[in-house]
Every structure is written in C-alpha cells, then in structure tokens.
**Q** 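Mind having a look at this structure? Questions to follow.
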Amino acid sequence: MAADLYVPQIPDNMNIRFVENRIIVKRPAQEVYDWVTTWANLPKWLPMASDTEVRRGTEGAPAELGDVLLENIRPELNEKPKLYTVVARVPGKLWTVVGRDVLEDGTPAWAMHAIATFTTFDLGDGTTLFCRVFQRLIAPTEPTGPHPVEDPARIQPGLELLKAHIEGTAA
C-alpha cells in the first residue's frame, strides 16, 4: 500500500513546521517498535543521519525514557549535529524525542527546536502501521520554505529502507 505524502496544513512562514510519513511493515508492532527505537538503526534508514553516538542508554537496544543520542547530519546538508532526548515512551506503541543543535564549542543550544514521534499501530494481521511525525520550531532568522528534514518526499524513501531492514529484504 503506497501512502499519500503529507501535505502541510499551515504555511511555511509560520514558526512551526510539521511533516508526517507512514508505511505498513509486514512484522508485528513490537518488532517494528523495537527496531525503530534502537539508536544504532537510525542511520540505516533516516536520510539525514550520517551516524549516531549514544550519550545515555544502550546502543543496541530500544531507547528508554531519558536516553540521549547525538545525531550527526550528512555533511551536504550543512547542519549542526543534534542532541535528542527521549521524553515520552509507551513500549510497543509510542516514542518521542526532543532535539536541539550542538554548537561549535560542543555545548547543546539552550532551546529545543525539534520533536519527533514514532508510533506503531498493530493492524491485527501481523502487520504494523509505522508513523513518523516530525515537528520543528523555526527561528525568526531562518529562511522561509521547507527544510529537507520537513520534506515528506525526502523522508519516505527512508521509511522504505526501514521496512526493508525490518522485513529482512534490505540489500
């Protein structure tokens, strides 16, 4: 089932932007949840992530409430690294992180500006609907228009990779 891509419901010149992507995975919800919430798997599917470093938590296991991850962004995007903290977690169902930039001197920025929520929905037939909702607070100095991380067409191929990895069909 191909998902229609998200169409923003508010103008790009507002101080917050949303993007939502979804995909059906032929695996049980808990298996999907465990895979997507394991920090080490993020660079395998998220197009913006080049690599990760667990600052608090366990690299090869689903992240727990309070766990912290440093995400390095692909160099061509000219973005600062992001520091994400797990702030909400319903095992097998919902996982939310908030993120902030890491400044040139290695310290985290004072303000959070990104919120990512992953949800898994058991469809009752051994398949799972996985949804990723990303919200970004926009500084007044930032240019208008969507950023690559807010472009559903750039993110959806990542969800196809996620599906392939979980279903065991990834190259």
**Q** State the CG-CZ distance between Leu103 and Arg100, to the nearest 0.5 angstrom.
**A**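 Here the rounded value is 9.5 Å.
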**Q** With a 4.5 Å cut-off on side-chain heavy atoms, are Ile24 and Leu123 touching?
**A**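 Yes. Closest side-chain heavy atoms under 4.5 Å.
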**Q** Could you tell me the separation between the CD atom of Gln30 and the CZ atom of Arg27, rounded to the nearest 0.5 Å?
**A**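 These two atoms lie 14.5 Å from each other.
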**Q** Give, for atom OG1 of Thr117 and atom CG of Leu94, the distance between the pair rounded to the nearest 0.5 Å.
**A**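 Answer rounded to 0.5 Å: 6.0 Å.
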**Q** Same cluster or not: Tyr84 versus Leu77, using hydrophobic residues (I, L, V, M, F, W, Y) connected whenever any side-chain heavy atoms lie under 4.5 Å apart?
**A**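 Yes.
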**Q** Hey, does Ile73 have a side-chain heavy atom less than 4.5 Å from the side chain of Lys82?
**A**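 A side-chain contact exists here, since the closest heavy-atom pair is under 4.5 Å.
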**Q** Would Thr119 and Lys93 count as a side-chain contact (heavy atoms from CB on, under 4.5 Å) if you check the C-alpha gap in whole Å, the side-chain angles of each, and the deciding distance to 0.1 Å?
**A** CA-CA 5 Å; Thr119 53; Lys93 301 196 180 308; over 6 Å; no
**Q** So how far is it from Thr38 OG1 to Glu59 CD, rounded to the nearest 0.5 Å?
**A**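 Answer rounded to 0.5 Å: 9.5 Å.
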**Q** Please tell me if the side chains of Pro81 and Glu71 come closer than 4.5 Å, counting only heavy atoms from C-beta onward.
**A**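 No, their side chains stay 4.5 Å or more apart.
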**Q** Determine the minimum heavy-atom distance between Ala88 and Leu65, stating which atoms define it.
**A**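 Taking Ala88 first and Leu65 second, the nearest heavy atoms are N-CD1, 3.6 Å.
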**Q** Any heavy-atom pair between the side chains of Val19 and Arg132 that's under 4.5 Å?
**A**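 Touching, per the 4.5 Å side-chain cut-off.
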**Q** Taking all atoms of both residues into account, what is the closest heavy-atom pair of Ala114 and Phe134, and its distance?
**A**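 Ala114 and Phe134 have their closest heavy atoms at CB-CZ, 3.7 Å.
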**Q** Would you give the length of the straight line joining atom OG1 of Thr96 to atom CD1 of Ile115, rounded to the nearest 0.5 angstrom?
**A**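 That separation rounds to 8.5 Å.
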**Q** Find out whether Arg89 and Pro91 are in side-chain contact, i.e. whether some heavy atom of one side chain is under 4.5 Å from a heavy atom of the other.
**A**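 Touching, per the 4.5 Å side-chain cut-off.
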**Q** Does NZ in Lys26 sit with more than 12 non-hydrogen atoms of other residues, nucleotides or ligands closer than 6.0 Å?
**A**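 Not more than 12 within 6.0 Å, no.
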**Q** Report the C-alpha separation of Val36 and Leu162 in whole Å, then their side-chain angles, then the decisive distance to 0.1 Å, and conclude whether the side-chain contact (heavy atoms from CB on, under 4.5 Å) test is met.
**A** CA-CA 8 Å; Val36 300; Leu162 174 151; 3.3 Å; yes
**Q** Side-chain heavy atoms nearer than 4.5 Å, only ILVMFWY residues, links allowed to pass through others: does that put Leu46 and Leu161 together?
**A**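 Linked within one cluster.
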**Q** Do the rings of Phe118 and Phe130 sit parallel, tilted or perpendicular, given the 30° and 60° boundaries?
**A**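 Perpendicular, since the angle between the ring planes exceeds 60°.
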**Q** More than 12 heavy atoms of other residues, nucleotides or ligands under 6.0 Å from CD of Glu104: yes or no?
**A**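 12 or below, so no.
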**Q** Nearest 0.5 Å, please: how far is NE2 in His165 from CD in Glu160?
**A**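 Separation between the atoms: 12.0 Å.
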**Q** Taking all heavy atoms of Gln135 and all of Val133, pick out the closest pair and write down the distance.
**A**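 What the structure gives for the nearest pair is NE2-CG1, 4.0 Å.
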**Q** Okay, side chain of Thr37, backbone of Pro62: is any donor-acceptor separation there less than 3.5 Å?
**A**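 Answer holds: no.
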**Q** Are Leu159 and Leu42 connected, step by step, through hydrophobic side chains (Ile, Leu, Val, Met, Phe, Trp, Tyr) whose heavy atoms are closer than 4.5 Å?
**A**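 Result: yes, single cluster for both.
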**Q** Consider only side-chain heavy atoms of I, L, V, M, F, W and Y, link residues closer than 4.5 Å, and tell whether Trp39 and Leu70 are in one cluster.
**A**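 No, Trp39 and Leu70 fall in different hydrophobic clusters.
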**Q** Heavy-atom count around Asp125 CG within 6.0 Å, excluding the residue itself: above 12?
**A**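 Yes - once you tally the heavy atoms of other residues, nucleotides and ligands closer than 6.0 Å, there are more than 12.
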**Q** Is there a side-chain contact between Val25 and Ile23 (heavy atoms, below 4.5 Å)?
**A**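 SC-SC contact between Val25 and Ile23 confirmed.
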**Q** Are His113 and Arg136 packed together at the side-chain level, in the sense that at least one heavy-atom pair is separated by less than 4.5 angstrom?
**A**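 Sidechains of Arg136 and His113: in contact.
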**Q** Quick check: does any side chain N or O of Asn72 sit under 3.5 Å from a backbone N or O of Ser50, one acting as donor and the other as acceptor?
**A**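 Side chain of Asn72 to backbone of Ser50, a donor-acceptor pair under 3.5 Å: no, none is there.
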**Q** Heavy atoms only: give me the nearest Ala29-Thr128 pair and the separation to one decimal.
**A**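 So the minimum-distance heavy-atom pair works out to N-OG1, 2.8 Å.
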**Q** Is Val68 reachable from Val102 through a run of hydrophobic residues whose side-chain heavy atoms are each under 4.5 Å from the next?
**A**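 Yes.
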**Q** Between Arg17 and Ile138, is the side-chain contact (heavy atoms from CB on, under 4.5 Å) condition met? List the steps.
**A** CA-CA 7 Å; Arg17 297 190 193 134; Ile138 309 303; 3.7 Å; yes
**Q** For Asp34 and Glu31, indicate whether the former's side chain and the latter's backbone hold a donor-acceptor pair under 3.5 Å.
**A**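 A pair under 3.5 Å: no.
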**Q** Verify, without hydrogens or angle tests, whether Thr120 (side chain) and Val32 (backbone) share a donor-acceptor contact under 3.5 angstrom.
**A**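 No, the answer is negative, given that no donor and acceptor are paired below the 3.5 Å cut-off.
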**Q** Dump the intermediate steps for ring-ring contact (aromatic ring centres under 6.0 Å, His included) on Trp35 and Trp95, then the final yes or no.
**A** CA-CA 12 Å; Trp35 196 89; Trp95 186 78; over 10 Å; no
